[in-house]
Amino acid sequence: MSASTPKIDGDLGSNFIYDIIDADLAGGAVTQVHTRFPPEPNGYLHIGSAKAIWISAGAAMKYGGLFNLRYDDTNPVREDDEYVRSIEEDLNWLGAVPNGGIFYGSDYFEQCYEFAVQLIKDGKAYVCDLSQEEMAAWRGTLTEPGKNSPYRTRSVEENLDLFGRMKNGEFPDGSRTLRAIIDMSSSNMNLRDPVLYRILHAAHHRQGTKWCIYPMYDFAHTIQDALEGITHSLCSIEFENHRPLYDWVADNIGFAKKPRQYEFARLNITHTVMSKRYLRELVESGSVDGWDDPRMPTLCALRRRGYTPSSIFEFVKRAGVAKAYSVVDIRLLEYCIREELNQNAPRRMAVLDPVKLTITNYPTSQAETFPIPNNPLDETAGTRDVAFSGKLYIEREDFSEDPPPKWQRLRPNGEVRLMGAYIIRCNEFVKDAEGNITELLCTADLETRNDKPLDGRKVKGTIHWVSAATAVPAKANLYDNLFTLENVADAPDGTNFLEYLNPDSLTVRDNCKLEATLGGVQPGERFQFVRMGYFSADPKHPGTFSRVVQLKDSFKLEG
RNA sequence: UGGCCCGUCGACAAGUGGUAAGUCACAUGACUUUGACUCAUGCAUUCGUAGGUUCGAAUCCUGCCGGGCCAACCA
């Protein structure tokens with residue numbers, strides 16, 4: 001795995017988080033910004049994670065601060081080393097360097113335990129013998145206050161003894177918990193004597209069987225943030241109700257420098273499921289081929305499809321940071337990669353649905369090449385010599401026997417420019433028994449080569465081509481989200497990705513793999529279709545195309 | 001139905017008492033060796049809603065409506 005260059009830089013824009021930091025810096029509450037990204041290693045990072053990364057790593061970068069990666073691995077039954085590795089790889093690919101260090105929440109288990117003991121000694125926590133069901137009943141409801149646990153008044157000595165024995169493995173799972181003494185009548189359920197520690201005889205991916213009690217998120221996370229010197233603990237909005245508990249833990253343990261938690265709305269994208277739980281379900285049920293299945297919104301899947309870190313961060317930035325629930329149009333993501341590839345990606349011609357085209361006045365013995373720009377927007381990209389001959393393939397869709405109005409491509413007795421080469425005129429076309437066109441017979445304006453016509457006539461259309469002699473048949477992965485969606489038409493915004501996994505749409509997957517005839521592309525080379533055969537039909541102009549899809553992604557030639 | 005958070009163009013989102021930025025999408029026109037790209041133009045008399053305060057309100061107050069989160073020994 002090679003480290004990519006940092007992609008978070010320069011213009012990070014502005015948002016309310018930065019306003020808060022500005023104020024903290026100005027008021028002297030904070031002198032050095034320190035943030036963290038705390039994924040639980042229970043799944044692969046997705047584009048929603050990229051938002052969290054961008055915000056936290058971006059804040060550190062913007063203010064010359066530190067950014068930590070911390071694996072939030074306090075629940076041994078859900079976590080695995082596979083995910084740790086994938087997270088590291090994805091973060092590295094993104095170029096979000098954890099300049100503050102890489103940490104594991106589980107490495108703080110010892111401190112967590114000591115702080116819990118301290119809380120007991122301070123009379124702020126107790127060992128509770130209520131079962132899970134009993135605790136739920138005693139907790140009350142959203143509208144009714146809870147009742148104090150009968151174990152709430154245990155002596156410090158008894159609590160200390162019991163907690164020590166919990167740690168030593170004397171009690172079975174679920175038999176006891178350590179709870180904070182806060183307020184059973186709080187309107188915030190998180191404050192009704194929340195569980196701080198639970199008994200769980202399970203092997204931890206990193207700690208092994210060293211522990212059989214594990215700290216809960218609210219307790220452990222606050223401690224981790226405080227110990228690492230995090231100044232701004234940025235998380236998504238569902239943790240808003242947890243902030244009072246976060247503050248309670250920090251206050252009652254008595255950290256000198258207390259981290260502050262701020263929340264922002266998580267990223268939602270149209271037609272995309274972003275819940276790690278559902279994504280894992282898709283993988284484990286075999287509904288997709290894996291975490292990097294191109295239909296997944298994971299970073300590894302986006303990477304496989306040719307998305308770049310900078311395009312993902314650009315998308316996140318454009319989508320904005322706010323607290324309002326929102327669903328960002330996936331077309332904004334597509335715009336971001338299109339924008340970048342349009343500037344950078346080298347062009348290659350590829351014919352997906354070939355039809356033979358013979359230039360009848362082109363000498364069979366003749367062979368020549370035409371220099372074609374690798375990227376018309378970037379002169380420094382240079383040109384490549386593309387072999388030309390009298391026998392070519394063009395896109396079947398670039399010829400119309402009976403063209404609609406405003407047709408600019410090839411038609412009987414019509415002229416068209418072969419990209420970077422001659423202007424040709426179609427004189428005849430050959431059909432098979434079924435009426436399918438099998439060959440086009442054309443003549444070229446051999447005097448012009450790839451210049452303007454000598455007589456000044458206008459030829460509006462230009463089409464791409466490959467020479468039959470040098471073309472290589474190849475399989476290209478045309479994984480593309482929009483392409484997929486267009487085949488399950490009329491899915492309303494907000495439709496869950498899962499809903500696409502119905503029998504009708506499963507066939508889409510097969511269509512994702514297309515045979516392409518490529519000119520001048522080497523195996524392993526990443527390329528972009530100059531134009532590919534899949535356009536969305538424009539209902540207002542039948543037979544024309546409203547959108548070129550190929551600029552959305554780049555593709556890697558397999559084999 | 002308790003508490004907290006949130007409602008600004010089709011989608012995001014600035015704006016935080018002085019008279020509605022920007023982007024995506026969309027539409028039209030120009031340009032074009034790919035109908036792409038690029039360029040130009042258009043796209044919220046109005047900020048969920050009803051009142052109130054004010055010379056003046058998207059911004060402050062109140063009610064109502066709508067959405068999200070919370071009753072794991074998950075994170």
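Side chains are part of it too, since the values below use all heavy atoms of this structure and drop only hydrogens, waters and symmetry mates. Per chain, numbering begins at 1; letters A, B, ... match sequence-line order.
As judged by a 4.0 angstrom heavy-atom cut-off over every strand, A:D193 is placed among residues making no nucleic acid contact. A:E40 comes within 4.0 angstrom of sugar-phosphate atoms only, judged by non-hydrogen atoms across all strands, and of no base. At the heavy-atom level, A:T141 lies under 4.0 Å from base atoms of the strands shown. Using a 4.0 Å heavy-atom distance criterion, A:L332 is classed as a sugar-phosphate-only contact. Note on A:R417: a base of the nucleic acid sits closer than 4.0 angstrom, heavy atoms only. As judged by a 4.0 angstrom heavy-atom cut-off over every strand, A:P172 is placed among residues making no nucleic acid contact. Within the nucleic acid shown, A:R78 comes within 4.0 Å of at least one base atom, counting heavy atoms only. Across all strands shown, A:V77 has no heavy atoms under 4.0 Å from either base or sugar-phosphate atoms. Heavy atoms of A:Y214 sit nowhere under 4.0 angstrom from any nucleic acid atom. Within 4.0 Å of A:S14, counting heavy atoms only, lies no atom of the nucleic acid at all.
Checking A:G320 against A:R243, the closest nucleotide of RNA chain B that is more toward the 5' end is the one next to A:R243.
A 4.5 Å side-chain heavy-atom check between A:V386 and A:M419 finds every atom pair outside the cut-off.
When distances are taken from the side chain of A:M189 to each of B:A71, B:A14, B:A25, the shortest belongs to B:A71. Of the candidates B:U23, B:A72, B:G7, the closest approach to any side-chain atom of A:M216 belongs to B:A72. With B:C24, B:G35, B:U32 as the candidates, the nucleotide lying closest to the side chain of A:R331 is B:C24. Of the listed nucleotides (B:A75, B:G2, B:C37), B:C37 has the atom at the smallest distance from the side chain of A:L377. For A:T177, the listed nucleotide lying nearest its side chain is B:C73; candidates were B:G7, B:C73, B:G2. Distances were taken from every side-chain heavy atom of A:W407 (C-beta onward) to each of B:G35, B:A13, B:U38; the shortest belongs to B:G35.
The aromatic rings of A:H221 and A:Y246 sit tilted relative to each other, their planes meeting at an angle between 30° and 60°. Ring pair A:W211/A:Y113 is tilted by interplanar angle, where 30° to 60° counts as tilted.
Side-chain contact annotation: A:H205 with A:D81, donor-acceptor N/O pair under 3.5 Å present.
Under the 90° criterion around 0 for the glycosidic angle, B:A25 counts as anti.
Every salt bridge (charged side-chain N to carboxylate O under 4.0 Å, His left out) that A:E228 has, sequence neighbours left out, goes to A:R70.
Residue A:N241 places a side-chain atom within donor-acceptor reach of the base of B:C69, judged by atom type and a 3.5 Å distance cut-off alone. Side chain A:H242 to base B:A75: a donor-acceptor pair is found below 3.5 Å.
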Would you write the dot-bracket representation of RNA chain B, where each base gets (, ), [, ], | or . depending on whether it forms a Watson-Crick or G-U pair under 3.5 Å and with which partner? .(((((((.[[[..)..(...]]].(((((.......))))).....[[[[[..)....]]]]])))))).....
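Side chain of A:R280 to backbone of A:N42: a donor-acceptor contact under 3.5 angstrom is found.
With respect to the salt-bridge test (charged N to carboxylate O, under 4.0 angstrom), the residues A:R206 and A:E79 do not qualify.
B:A11 and B:G51 have their P atoms separated by 26 Å, with the value rounded to a whole Å.
Of the residues listed (A:T35, A:L12, A:L234), the one engaging A:I55 in a side-chain contact (heavy atoms from CB on, under 4.5 Å) is A:L234, and it is the only one.
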